[in-house]
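Sharing a structure here in structure tokens format.
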Amino acid sequence: MPELPEVETVRRGLEGVLVDARFERVEQRRPDLRFPFPERFAQRLTGQRIVSLARRAKYLLVHLEGGEVLIMHLGMSGRFIISRPGANAQKPGEFLHEAGDQERHDHVVFVMSNRATITYNDARRFGFMALADARTLESHKLMANLGVEPLSEDLSPEYLAARCGCKKTSLKAALLDQRIVAGLGNIYVCEALHRARLSPRGSAGKLTLRSGEPSTGARRLVEQIKSVLEDAIEAGGSTLKDYHAPEGDLGYFQHSFAVYGREGLECLAPGCEGTIRRIVQGGRSSFYCPRCQR
DNA sequence: AAGAACTCCTGTTGGC
DNA sequence: TGCCAACAGGAGTTCT
């Protein structure tokens with residue numbers, strides 16, 4: 001589910017309860033998520049103090065005092081629920097059915113030294129957790145092939161043109177490729193392409209001029225990738241289905257979608273009177289306006 | 001060897 | 001109301 005803005009929102013929500021606290025008890029309720037948990041997962045975390053909580057692409061990176069890093073990916077449906085003693089006190093018998101239904105997918109429970117409890121819930125189990133040595137984190141197989149962070153200076157028109165220039169694939173597929181730009185997903189690729197007035201069906205190679213310079217489209221695209229991600233983070237991410245930030249706050253960027261999920265509705269670009277279409281690329285929906293996105 | 005198709009899993013939604 | 005197919009924010013693996 002979560003793309004970069006949602007993961008960043010989760011990171012901010014967890015930072016306050018995690019950093020400087022210790023894992024007092026870790027309850028791993030099944031042997032695997034998408035992949036098996038690391039060997040002795042709970043034992044390796046228990047007693048460790050958390051030094052910092054970072055994000056790389058769609059990964060959360062929990063730096064531990066002992067030199068290991070807990071790497072977590074939320075997949076499509078992963079979420080964290082923070083609870084503190086005394087908060088959300090429920091009357092006996094109230095909401096028991098709903099609580100039980102949700103608990104079915106509570107796969108890991110972290111009990112912290114500050115009394116906060118953080119529960120990882122993931123219905124589809126496409127998420128996963130791994131442990132890595134902090135000294136070699138960059139070369140860990142999950143990190144090694146990631147492309148640039150879209151909100152850093154590393155994502156420039158020159159970089160994007162260089163990485164896409166030789167590609168035969170579509171612009172949509174190139175932007176979803178985490179080895180080129182790390183952290184974009186289906187929603188924000190659709191939205192960034194619309195803001196940049198580029199069709200998802202266009203070829204990635206067109207971002208590069210014959211001279212090797214970035215095209216004007218490439219310059220617009222880089223600018224709009226950054227702006228859509230910044231706007232979404234500002235809004236606390238997007239809430240679809242029942243996703244929410246760890247403290248239960250709902251993001252509201254979904255109200256700002258110009259194309260995603262808007263098939264058949266009017267294009268919101270000023271002066272454009274096109275109609276949003278949905279096509280399938282690589283088995284996934286692309287929403288775009290055939291009139292203003294070329 | 002790039003690019004597309006397939007795969008994992010469960011829940012929700014929309015059409016009949 | 002019920003049933004069933006289509007679809008969902010990801011990405012590693014397997015094909016062509």
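This one's a predicted model, so the numbers in the text were calculated from it and none came from an experiment. We name chains A, B, ... by the order of the sequence lines, and we start the count at 1 in each one.
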*Quantified in whole Å, what is the P atom distance between nucleotide B:dC9 and nucleotide C:dT14?*
15 Å
*So which nucleotide does B:dT13 pair with, by the Watson-Crick or G-U wobble rule with both distances under 3.5 Å?*
C:dA5
*asked:* Under 5.5 Å centre to centre and under 30° between planes: does that hold for A:F126 and the six-membered base ring of C:dA11?
replied: no
*Does C:dG9 have OP1 or OP2 sitting under 4.0 Å from an N or O in the side chain of A:S238?*
no
*In whole Å, what separates the P atom of C:dG9 from that of B:dG14?*
15 Å
*asked:* I'd like to know if A:R291 pairs up with A:E273 as an ion pair, taking the criterion as any Lys NZ or Arg NE/NH1/NH2 lying under 4.0 Å from an Asp or Glu carboxylate oxygen.
replied: no
_Separation between the P atoms of C:dA11 and B:dA1, rounded to whole Å_ = 24 Å
*Indicate, yes or no, whether a donor-acceptor pair under 3.5 Å links the base of C:dA8 to the side chain of A:R284.*
no
*Pair A:E15 + A:R11, salt bridge at N-O below 4.0 Å*: yes
*Would you state whether a donor and an acceptor, one from the side chain of A:R125 and one from the base of B:dC9, lie under 3.5 Å apart?*
no
*Answer yes or no: does a side-chain N or O of A:K58 lie under 4.0 Å from OP1 or OP2 of C:dA11?*
yes
*Identify whether the distance between the nearest side-chain nitrogen and carboxylate oxygen of A:D20 and A:R49 falls below 4.0 Å.*
yes
_Pairing check on C:dT14: which nucleotide meets the Watson-Crick or G-U wobble criteria with it, both distances under 3.5 Å?_
B:dA4
*asked:* Over all strands shown, is A:R278 touching base, sugar-phosphate only, or nothing at heavy-atom distances under 4.0 angstrom?
replied: sugar-phosphate
*asked:* Counting only side-chain nitrogens and oxygens, does A:H105 get under 4.0 Å of the OP1 or OP2 atom of B:dG11?
replied: yes
*Going by heavy atoms in the side chains, are A:L221 and A:L160 under 4.5 Å from each other?*
yes
